[in-house]
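These notes are about the structure you will find just below.
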Amino acid sequence: MTNPTNPTTGPGGDPTRHPDLLRWLGERQADHDAGAPGLEAAAPVDYTDAFLNRLEALIKRAYDEGDGEFTKLTAHRQDPLVQAALWYVGETIRRRKGWVWKYLPDPNFGLRPFYAAEPSSALDHPCVGPADAPAESEHHWYPLNMLRRTLICVDDVDNEIDESLVGMVEGWYEEDEEDDEE
């Protein structure tokens with residue numbers, strides 16, 4: 001007996017096999033194979049910390065609104081540059097941690113159309129996480145949210161924030177979890 005396709009996660013309920021995720025990953029791989037269009041300014045394109053720093057600077061130049069907002073980046077998340085950046089951030093994490101790409105339903109809204117045209121607070125983009133982590137786990141990292149965090153200068157109570165892609169990829173999430181456990 002074959003597993004039916006689950007419209008919310010993919011064949012057999014597997015969030016790593018959602019058809020939209022597989023299409024998106026294929027498109028990003030094809031872009032990578034074609035020379036990473038849009039990322040020429042961050043070349044050489046590799047998975048090093050130096051590349052992540054150049055990528056972050058490129059995203060800030062293109063999408064920073066100067067007031068700690070990330071609405072411009074969110075609104076332009078389908079731009080080739082943002083799509084390439086999302087893939088490279090996620091691929092860097094995937095390769096370094098041995099994780100997998102997933103497309104998970106938003107806990108509040110269910111599965112949204114993949115990269116819906118209208119901005120939404122619902123998670124309509126892929127994440128990376130441990131293969132065995134359940135959907136409701138906090139162990140999924142969303143590259144779009146990571147890019148958005150690099151554009152935030154102050155938090156809700158006006159404390160300065162200095163987030164970087166390298167710091168996030170290197171494990172500040174894990175440091176926060178360790179602090180919570182103490």
Side-chain angles (χ1 to χ4, degrees), residues 1-33 36 38-39 45 47 51-52 55-56 59 70 73-151 163 165-178 180-181:
M1 180 176 175
T2 61
N3 284 334
T5 297
N6 179 331
T8 61
T9 56
D14 183 352
T16 66
R17 306 299 303 160
H18 188 281
D20 289 340
L21 173 66
L22 297 177
R23 180 182 46 79
W24 183 82
L25 289 171
E27 290 169 358
R28 300 295 70 80
Q29 183 66 52
D31 287 347
H32 169 75
D33 293 346
L39 294 181
V45 175
Y47 304 96
F51 171 72
L52 289 173
L55 178 60
E56 181 177 334
I59 291 296
F70 48 76
L73 176 67
T74 303
H76 292 269
R77 68 191 183 281
Q78 293 184 28
D79 288 358
L81 171 59
V82 177
Q83 292 289 297
L86 295 174
W87 187 78
Y88 277 100
V89 169
E91 267 304 289
T92 300
I93 297 166
R94 186 189 72 76
R95 289 167 183 241
R96 290 185 185 183
K97 296 188 178 292
W99 289 359
V100 297
W101 282 101
K102 297 181 181 183
Y103 183 45
L104 300 171
D106 183 276
N108 298 313
F109 300 100
L111 201 71
R112 303 275 302 159
F114 202 77
Y115 279 95
E118 77 284 348
S120 168
S121 61
L123 302 175
D124 65 345
H125 47 94
C127 64
V128 288
D132 60 350
E136 61 277 358
S137 169
E138 294 179 7
H139 295 286
H140 295 102
W141 297 6
Y142 291 83
L144 178 61
N145 289 346
M146 295 170 74
L147 291 174
R148 290 169 22 153
R149 287 183 69 103
T150 67
L151 301 177
E163 299 282 8
L165 286 177
V166 170
M168 288 183 246
V169 169
E170 289 302 318
W172 63 259
Y173 281 120
E174 292 156 346
E175 290 171 9
D176 289 347
E177 289 171 11
E178 289 171 9
D180 291 343
E181 290 173 7

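Small disclaimer: the values here were computed from a predicted structure and weren't measured.
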Straight-line distance of [X] [atom1] to [Y] [atom2], nearest 0.5 Å:
X      : Y      : atom1 : atom2 : answer
Gln83  : His76  : CD    : NE2   : 13.0 Å
Met146 : Glu163 : CE    : CD    : 9.5 Å
His18  : Trp24  : NE2   : CH2   : 14.0 Å
Glu27  : His32  : CD    : NE2   : 15.5 Å
Leu151 : Leu73  : CG    : CG    : 5.5 Å
Trp101 : Arg94  : CH2   : CZ    : 8.5 Å

By side chain to side chain contact (heavy atoms under 4.5 Å, CB included), Arg95 pairs with (sequence neighbours left out) Tyr47, Glu91

How would you list, by chain and number, every residue that makes a side chain to side chain contact (heavy atoms under 4.5 Å, CB included) with Pro134, sequence neighbours excluded?
Glu136, Ser137

Is any side-chain heavy atom of [X] closer than 4.5 Å to a side-chain heavy atom of [Y]?
X      : Y      : answer
Val45  : Leu55  : no
Leu104 : Cys127 : yes
Tyr88  : Arg28  : no
Trp87  : Leu25  : yes

Look only at the side chain of [X] and the backbone of [Y], and say whether a donor-acceptor pair between them is shorter than 3.5 Å.
X      : Y      : value
Glu56  : Leu165 : yes
Arg77  : Thr74  : yes
Lys102 : Asp14  : no

On a heavy-atom basis, which atom in [X] and which in [Y] lie closest, and how many Å separate them?
X      : Y     : answer
Val128 : Gly90 : CG1-O, 3.7 Å
Leu21  : Pro15 : CD2-O, 3.5 Å
Arg17  : Leu22 : O-CD1, 3.5 Å

Kindly assign one of parallel, tilted or perpendicular to the pair Trp141 and Trp99, based on the angle between their ring planes and the thresholds 30° and 60°.
perpendicular

When you look at Val89 and Leu144, which way does the side-chain contact (heavy atoms from CB on, under 4.5 Å) test go after all the steps?
CA-CA 9 Å; Val89 169; Leu144 178 61; over 6 Å; no

